[in-house]
Amino acid sequence: MALDLQGHRGARGLAPENTLPAFERAIALGVTTLELDVGVTRDGVVVIHHDRTLNPDLARGPDGQWVRAPAPAIHSLSFAELQRYDVGRLRPGSEYAARFPHQQAVDGTRIPRLTDLFAMAESVRFNIETKISPDAPHETLAPEPFARALIAEVRKAGVETRTTIQSFDFRTLKVVEREAPEIATAYLTSRRHPYPEKVHAAGGRIWSPDFTSLNTENLAKARSLGLKIIPWTVNEPGDIARVLDLGVDGIISDYPDRVLLALKRGGR
């Protein structure tokens, strides 16, 4: 079976994350899946954005100034209000910018609607994370309406068979499995909780662990439970090679070009 190469937030290492330019870049490189995050605005528009709030390292207001913490929540803004912010470059001098020195700025880039991506990307899969947390219930819709808003957009675009919905917050995944069983789900786990048994017990079929927590032991356990394994976010050449050698089903990476190079060198 071919490896599922997923461009993380499009191709965050190369272009502004979760934007149409990043997704275009990932598609041009040849990914099989676009990995992305979504929130829901105050007026019910499903938009592509990682954080539950605007990120001070990414967003500039109409005055050209970087937003300051505490930044407004995505759900507190209408879609029209959200479009006033430019997310086309990383804030110079930030730790975030230092982590991604190869990211090329695209000034004037706006936070897209999920429907914009569906209209643009006709031949790839989508792995969509619900950005929701029980620790911040005031910042997003509740799990049921959040999941239903996303399901509605996926069905409207007719991409159910090309879509996986993933989350660290399993509540949204249970809504999807109950109300839209035609859409696959993936269970994300952190470095602190790398337990495939937890995913299996919750009814999951795809396990997406932090790659640093993946080893031969828990991978073998996941296989014995019938789980597919797609770790995140694998960026450095040595890590990519190690994870490929483990025999995973897919890789989520900010640098899909590096994964492709590793696959070519390994004759995979």
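Quick note: numbers below take in every heavy atom, side chains included, and nothing from hydrogens, waters or symmetry partners.
Remark: Ile48 CD1 to Leu20 CG distance equals 6.5 Å, nearest 0.5 Å. Here CD1 of Ile183 is found 6.0 Å from CZ of Arg155. Values are rounded to the nearest 0.5 Å. Atom OH of Tyr255 sits about 8.5 Å away from atom CZ of Arg12, to the nearest 0.5 Å. Considering CG of Leu219 and CH2 of Trp207, their distance stands at 7.0 Å, rounded to 0.5 Å. In this structure, CD1 on Ile128 lies 8.5 Å from OG1 on Thr164, to the nearest 0.5 angstrom.
Checking side-chain atoms of Asp86 against main-chain N and O of Arg110 turns up no donor-acceptor pair under 3.5 Å. The backbone N or O of Ile132 lies less than 3.5 Å from no partner atom in the side chain of Thr130, so there is not a single donor-acceptor pair. A donor-acceptor pair is defined here as one N or O able to donate and one able to accept, closer than 3.5 Å; such a pair exists between the side chain of Asn235 and the backbone of Asp254. Put simply, the side chain of Gln83 gets close to the backbone of Ile111: a donor and an acceptor are under 3.5 Å apart. At least one donor-acceptor pair closer than 3.5 Å links the side chain of Ser208 to the backbone N or O of Ile230. Looking at Asp51, its side chain never comes within 3.5 Å of a backbone N or O of Leu54 through a donor-acceptor pair. Listed for the Asp37 side chain is no donor-acceptor partner under 3.5 Å among the backbone atoms of His49. The backbone N or O of Pro72 lies less than 3.5 Å from no partner atom in the side chain of Ser76, so there is not a single donor-acceptor pair.
Within the 4.5 Å cutoff, no side-chain heavy atoms of Thr189 are placed close to those of Phe168. Contact check for Leu214 versus Ile229: side-chain heavy atoms found under the 4.5 Å cut-off.
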Open item on the list: Please evaluate residues Arg9 and His50 with respect to the criterion side-chain hydrogen bond (donor to acceptor under 3.5 Å, both in side chains), reporting the C-alpha separation (whole Å), side-chain torsions for both, the decisive distance (0.1 Å), and the verdict.
Closed with: CA-CA 8 Å; Arg9 307 186 199 179; His50 178 267; 2.9 Å; yes
Open item on the list: Could you walk me through whether Arg171 and Glu144 satisfy the salt bridge (Lys or Arg N to Asp or Glu O under 4.0 Å) test, starting with their C-alpha distance in whole Å, then the side-chain angles of each, then the deciding distance to 0.1 Å, before giving a yes or no?
Closed with: CA-CA 8 Å; Arg171 296 175 301 170; Glu144 288 79 7; over 6 Å; no
TODO: Evaluate the side-chain contact (heavy atoms from CB on, under 4.5 Å) criterion for residues Arg258 and Glu236: first the C-alpha distance (whole Å), next the side-chain angles of each, then the deciding distance (0.1 Å), finally the verdict.
DONE: CA-CA 8 Å; Arg258 296 178 182 177; Glu236 297 306 317; 3.6 Å; yes
Task: Verdict with reasoning, Trp232 to Tyr187, per ring pair (Phe, Tyr, Trp, His ring centres under 6.0 Å) - done: CA-CA 12 Å; Trp232 60 272; Tyr187 288 66; over 10 Å; no
Open item on the list: Go through it in stages, so that I can follow the logic: the residues are Leu34 and Asn127, the test is side-chain contact (heavy atoms from CB on, under 4.5 Å), and I'd like the CA-CA distance, side-chain angles, deciding distance and then a yes or no.
Closed with: CA-CA 6 Å; Leu34 297 173; Asn127 186 15; over 6 Å; no
TODO: Might you work through the side-chain contact (heavy atoms from CB on, under 4.5 Å) test for Asp43 and Leu77, ending with a clear yes or no?
DONE: CA-CA 8 Å; Asp43 49 347; Leu77 301 170; over 6 Å; no
- [ ] Report the C-alpha separation of Glu153 and Arg113 in whole Å, then their side-chain angles, then the decisive distance to 0.1 Å, and conclude whether the salt bridge (Lys or Arg N to Asp or Glu O under 4.0 Å) test is met.
- [x] CA-CA 10 Å; Glu153 293 295 347; Arg113 298 171 297 182; over 6 Å; no
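Side chains of Tyr96 and Glu17: a donor-acceptor N/O pair is present below 3.5 angstrom, by distance only. With 3.5 Å as the limit, one finds no donor-acceptor pair spanning the side chains of Ser78 and Thr41. With no hydrogens or angles considered, no side-chain donor-acceptor pair links Thr32 and Arg125 at under 3.5 Å. When only modelled atom types and interatomic distance are considered, Thr185 and Glu177 share a side-chain donor-acceptor pair under 3.5 Å.
Within 6.0 Å of the NZ atom in Lys174, the count of heavy atoms belonging to other residues, nucleotides or ligands exceeds 12. At most 12 non-hydrogen atoms from other residues, nucleotides or ligands lie less than 6.0 angstrom from CZ of Arg265. Glu217 CD: 12 or fewer foreign heavy atoms inside a 6.0 Å radius. At most 12 heavy atoms of other shown residues, nucleotides or ligands fall within 6.0 angstrom of atom CZ in Arg84.
Classification of Arg148 and Glu179 as a salt-bridged pair holds, one side-chain N sitting under 4.0 Å from a carboxylate O. The pair Arg191-Asp210 meets the salt-bridge criterion, with a side-chain N (NZ, NE, NH1 or NH2) lying under 4.0 Å from an Asp/Glu carboxylate O. Asp107 and Arg89 are joined by a salt bridge, as a carboxylate oxygen and a charged side-chain nitrogen come within less than 4.0 angstrom of each other. Look at Arg162 and Glu160 and you find no salt bridge, because none of the NZ, NE, NH1 or NH2 atoms lies under 4.0 Å from a carboxylate O.
By the rule that hydrophobic residues join a cluster once side-chain heavy atoms approach within less than 4.5 Å of another member, Val154 and Leu36 end up as members of one cluster. Hydrophobic clustering (side-chain heavy atoms under 4.5 Å, transitive across Ile, Leu, Val, Met, Phe, Trp, Tyr) keeps Val243 apart from Leu188.
For Phe118 and Phe126, the ring centers are positioned less than 6.0 Å apart.
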